[in-house]
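Each remark here refers to the structure printed beneath this line.
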Amino acid sequence: MDPCLRRDDRKNMQPYNHKQIEKKWQKKWEEEKPFKAEDFSDKEKFYCLVEFPYPSGDGLHVGHVRPYTAFDIISRKRRMEGYNVLFPIGFDAFGLPTENYAIKHKISPVDATKKNIANFTKQMKSLGLSFDWDRVVNTTDSDYYKWTQWIFLQFFKNDLAYKTTMPINWCLSCKIGLANEEVVDGKCERCGGEVEKRDKEQWMLRITEYADKLDKDLDKVDYSERIKIQQKNWIGKSEGVEINFNSEEYDIPVFTTRIDTIFGVTAMVLSPEHPLVMKLVNDDYLDEVKEYVEKCKKKTDIERTIVEKEVTGVLIGASATNPMTGEKIPIWIADYVLAQYGTGAVMMVPAHDERDFVFAKKYGIDIKHVIALSHQEAKLDDVYTDEGYLINSGEFDGLTSQDARIKLADYVEMKEYGRKQVNFHLRDWVFSRQRYWGEPIPIIHCEECGEVPVPEEDLPVLLPSVEHYEPTDTGESPLASIESFVNVKCPKCGGDGKRETDTMPNWAGSSWYFLRYIDSKNKEAFADDKKLRYWVPVDWYNGGMEHTTLHLLYSRFWYKFLFDIGVIPKECKSEPYKKRTSHGLILAKGGEKMSKSKGNVVNPDEVIDDCGADIFRIYEMFVGPFEQPAEWDTQGLGGCRRFVDKVWSLQERISENVDTEKDVEKLLHKTIKKVGEDIEELKFNTAVSALMILTNELVKLALDSDRGKEKVSEDVFKKLVILLAPFAPHLAEEIWENLDNKKSVFKEKWPEYDKELVRDEKIDLIIQINGKLRDTIKVSADISEEDAKEKALSSEKIKKHLEKQEIKKVIFVKGKLINFVV
RNA sequence: GCCGCCGUGGUGGAAUGGUAGACACGUUGGACUUAAAAUCCAAUGAGGGCAACUUCGUGACGGUUCGAAUCCGUCCGGCGGCACCA
């Protein structure tokens, strides 16, 4: 059953025909381009950014509609408020799904992308989104990725791009490298075969160089709190001590944030990948160690760090010395220690660390308590991870954990056992993929000169057409098989060189796209300086919560780097986004994600066809709080359709020169206030609700007018239409035109509310006894405590409740309530 | 496992320290209609009462407060992220 089908039997008026009306206005917007942003203007600028879509073959998702509509509303409102608004859109088109789609359907990714972008464009236009279509960017366009490559070269020249060996997922039967997503439960998604880690030379970006800045500068920006916390935790700044434990001729540094527990160390644990493992291992233990290391290759980092599943480890038959105590302790390897973090080695303090404790219990390692809560001794068989006072720690006994950390860090430095160290959880960014559908990395390998950057004037390095897009069974990118691409002269010495055949990850193009919108057609530079100075920073950036740690951090990093090397003018701020918010996902009915395999996908084209874009937009705004996930409910569309119908039918029930009742006037101004404020706070659901309340009130008045009372004032109705316009732009334009207005409703000023009219003179005063509601009385809003008390006590209900009770205390909240404590 | 978010009627949600359930869906009853649809009107958290009214109620338990859906603690459940999906 289609909830949007409707028949209208009203005699005089044409029923609301969304197809005709929406087409009419979309055509007009297409021709007249009223949403084109001006470079430079006397108006204040407002750069409003939504994450650009990945143009998949499935087309636009109803989940896209939510943020796009929300920020279309904000953009339209800001224009009405007199801002020069930049609201651009583009396509993030490189990546795995398109490549896999191309392989499956035996078409080129270029053609697939072209087709998908055309479809997405059509769909977005049919939603009436007020994007500036003249600035569209496409990350797979060589005019675009030329500059992605150019930025990579700047990283390279500034020593922030380097090559190193990193493990990749390798399918033993397909013999190809796999993305993490293609590994399901440790098996290859395509063939179900075994997957293991295999080392591969990879390009890296030194994002850790910017870790501190990325952390600190979060204080300068207006991101929602949960986003800031997630980023901070991801960067994971921790201050501690790096201290050397000596073993034979090697120093093994460990990093710890709990140097106060140093006297409780009873073993040392290395990650299985630690370079010293094979050097220190005792021959008697060699087989076991090798077997263990092999096993670890098959686990993901997440599996490795789950404590309760099962911690495992083996002895390597060597020992290390705790520099503070001179004690010899055994060395273990265990997969819960990750090679990438810290030094890849930890000191084991089972008494005061959860994972160490579990490990020590399992393998019978000594547990030595050195921190106690106050003067009580900790229970001997327990783990205590909080702070406390040092015990069993020699001359440091009795200090608090906090003091001990300071004293011990100084002591360690003085004795040259180690040094204070700030560590980050953040790791450098693996920047190469052995895939076809990405930006070629613009580097040439020369036997004589090493890694040589492609000269900037030779950019872009074009992605050549190939026969096969499949990854190769040598682990190389498909580009490696194209000799004309690979074999080039070294730009430095002119000798024989080989082009880098790895491509960049999808994240590359999206790390700077917001800068390209500013000057999307510039052939000389990635963007003009003056335009950058005008538009940067982005005033408001909205995207998915799922991009908080990767894309958002990556793009902040790229921007900061470009800013530091002077490519971004120094008049711009050091942060790209002033404000960042995030939307909730649209889920299928039942709270599940929409997916083709589950068959629960809602196609936006069908919704537009049945109900029209305006009803669709209102529905998505009304469905629930913007920042929380929401479930799609087809029946909900019906309610929005009824609302639109009511507004539409009000058109012919209005007349000029009507005296509006005070109550209606007050409601109008409260609505103006509420809708305006709610839009700014992303509370679109309650904004729509406020518009419904006003509409219902006007409908009631209109019905009364049929019975001889006054009609609805045109002025009030016009205000309603203006408030509704950002939500339902086609409908509003059409009604506006019907009301004999020559100009677009979006040329109107956003209404202001009258403070006097918003204030209530009379309120319902809540009367509570012991915090429980017992009565309400109508009183003037500024009633004094004495008067309120007197009035409250004269209420019959209250008298009854207070019988034989003694009033101990009276709490009065002005304009709200009075509470008697008995 | 770690980090973040969320948990309220039959349903989506509103209320973020002060009247729990705005607005909307659904359901039931009524009006209009030959009938249906559409539209309009009324009722609608649960229990008790003829009624006035009253008791209970915001995932669970505990705490803070005159007063807690809201703040704190523990637990349970769901969702997002965990670095090669985008």
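Small disclaimer: the values here were computed from a predicted structure and weren't measured.
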Parallel, tilted or perpendicular: which one describes the rings of [X] and [Y], with boundaries at 30° and 60°?
X	Y	value
A:Tyr554	A:Trp429	parallel
A:Phe52	A:Tyr513	parallel
A:Tyr469	A:Tyr436	tilted

[N] [atom2] sits how many Å from [X] [atom1], rounded?
X	N	atom1	atom2	answer
A:Glu189	B:C84	CD	C1'	13 Å
A:Leu587	B:U11	CG	C1'	15 Å
A:Leu817	B:G18	CG	C1'	5 Å
A:Leu96	B:A86	CG	P	5 Å
A:Lys799	B:C53	NZ	P	17 Å
A:Leu667	B:C23	CG	P	12 Å
A:Phe684	B:G13	CZ	P	17 Å
A:Asp678	B:C23	CG	C1'	12 Å

Contact class for [X] vs. all strands (heavy atom < 4.0 Å): base, sugar-phosphate, or nothing?
X	value
A:His551	nothing
A:Glu631	nothing
A:Pro53	nothing
A:Gln202	base
A:Ile229	sugar-phosphate
A:Phe622	base
A:Ile811	base
A:Lys593	sugar-phosphate
A:Arg435	nothing
A:Lys797	sugar-phosphate
A:Ile227	nothing
A:Arg427	base
A:Gln434	base

Expressed in whole Å, how much space separates the [atom1] atoms belonging to [N] and [M]?
N	M	atom1	result
B:G77	B:U8	C1'	15 Å
B:G73	B:C82	C1'	27 Å
B:A86	B:U19	C1'	47 Å
B:A42	B:G78	C1'	38 Å
B:A22	B:A35	C1'	37 Å
B:C79	B:G30	C1'	44 Å
B:G17	B:U11	C1'	29 Å
B:C25	B:A43	P	16 Å

I'd like to know if [X] reaches the base of [N] with its side chain such that a donor and an acceptor end up less than 3.5 angstrom apart.
X	N	value
A:Gln768	B:G18	yes
A:Asn819	B:C66	yes
A:His425	B:A83	yes

Subject >> Ring center gap for A:Tyr619 and A:Trp632 short of 6.0 angstrom >> reply: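 Between A:Tyr619 and A:Trp632, the centre distance is under 6.0 Å.
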[X]/[Y] ion pair, N-O < 4.0 Å:
X	Y	value
A:Glu796	A:Lys800	no
A:Arg433	A:Asp502	no
A:Arg226	A:Glu627	yes

Original post:
Taking syn as any angle within 90 degrees of 0 and anti as the rest, which one fits B:G47?
Top reply: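 Base orientation: anti.
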Original post:
Which residue, A:Asn233 or A:Val813, contacts RNA chain B at a nucleotide closer to its 5' end, judged by nearest heavy atom?
Top reply: A:Asn233
Subject >> Gap separating the OH atom of A:Tyr16 from the CG atom of A:Asp645, nearest 0.5 angstrom >> reply: 9.0 Å
